[in-house]
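Take a look at the structure below.
All ligand and atom numbering here is 1-based and tracks the order in the structure.
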Amino acid sequence: MSAARHVAIIMDGNGRWAKRRHLPRAMGHRKGVEAVRALVRALKTIELECLTLYAFSSENWKRPEDEVDDLMDLMRRFIKSDLPEFIEHDVRLKIIGNWQALAPDIVEMLEDALRQTENGTRTLAVALNYGAQAEIVEAARKAAAAGEITERSLAAHLYTADLPPLDLLIRTSGEVRLSNFLLWQSAYAEMLFTDVLWPDFTPAHLLDALEHFAVRERRFGGR
Ligand code: FPP
């Protein structure tokens, strides 16, 4: 029995949460940010080295422009309002994905947030403009340029190279697929697919998932 060190979450279902309440999709995303905030706050009492959240995929650009703008605005506001708490609670922010391609003001904001939180002991990794296949291709290129393509050398060039191995991947809202998220890192991860819509996901759900993880026996291909 061992505790999870690294959990990743595909936060899905904001749109359906809003639709069920006859609210605009934007409200679903707003409630989704509140769920993120509650989880980050809970990190101070939950023993976890790293929480990785899929906030914006490289495919999400295909959504209507006003929804993309809305998500970007939520990101700006979230960083601005919650950065002091990250610092206070020893949370190191990490961004994975091609985030340098985001709007210049967001890039600047994120760079500043990364600097200010670099000494945090727990990591909140946020995937922004992230796609796992592109990540693997880029890592393979770098490994090849360094003269050696092995599992180890490739993994060393992934965004997650400095994070603990992924133990548990959770997806909310009942969809059962990985949607180009952490494909390499999921090789031995446990998977949990829950019907709970992301805005309804609470720290209690995470604690429950961690408890179940701790009693599962992982074999990594052995017996
Ligand atoms: C999926 O819901 C969710 C997203 C595409 C974005 C996730 C973003 C947030 C929770 C807010 C921003 C995050 C941070 C860290 C500030 P969906 O719209 O695909 O839902 P649906 O499948 O029900 O339509």
Check: Is atom CD of E85 surrounded by more than 12 heavy atoms (other residues, nucleotides or ligands) closer than 6.0 Å?
Finding: yes
Which atom pairs, one a donor and one an acceptor, fall under 3.5 Å between side chains of residues 142-150 and the rest of the protein, sequence neighbours left out?
| from | atom 1 | to | atom 2 | distance (Å) |
| --- | --- | --- | --- | --- |
| T150 | OG1 | R152 | N | 3.4 |
| T150 | OG1 | S153 | N | 2.9 |
| T150 | OG1 | S153 | OG | 3.3 |

Checklist line | Residues forming a side-chain hydrogen bond (donor to acceptor under 3.5 Å, both in side chains) with R5, sequence neighbours excluded | finding: E49
Next item on the list: Decide whether L169 and I9 are clustered together by the hydrophobic rule: side chain heavy atoms of Ile, Leu, Val, Met, Phe, Trp, Tyr closer than 4.5 Å, transitively.
Entry: no
Notebook entry, point to check: Should we count CD of Q133 as having more than 12 external heavy atoms under 6.0 Å?
Noted result: no
Notebook entry, point to check: Which pairs pass ring-ring contact (aromatic ring centres under 6.0 Å, His included) with one or both residues in residues 40-61, sequence neighbours excluded?
Noted result: Y54-Y130, Y54-F181, F56-W61
Item checked: Proximal protein residues to ligand 1, non-hydrogen atoms under 4.0 angstrom -> M11, D12, G13, N14, G15, R16, R25, H29, G32, V33, A55, N60, R63, M75, F78, W198
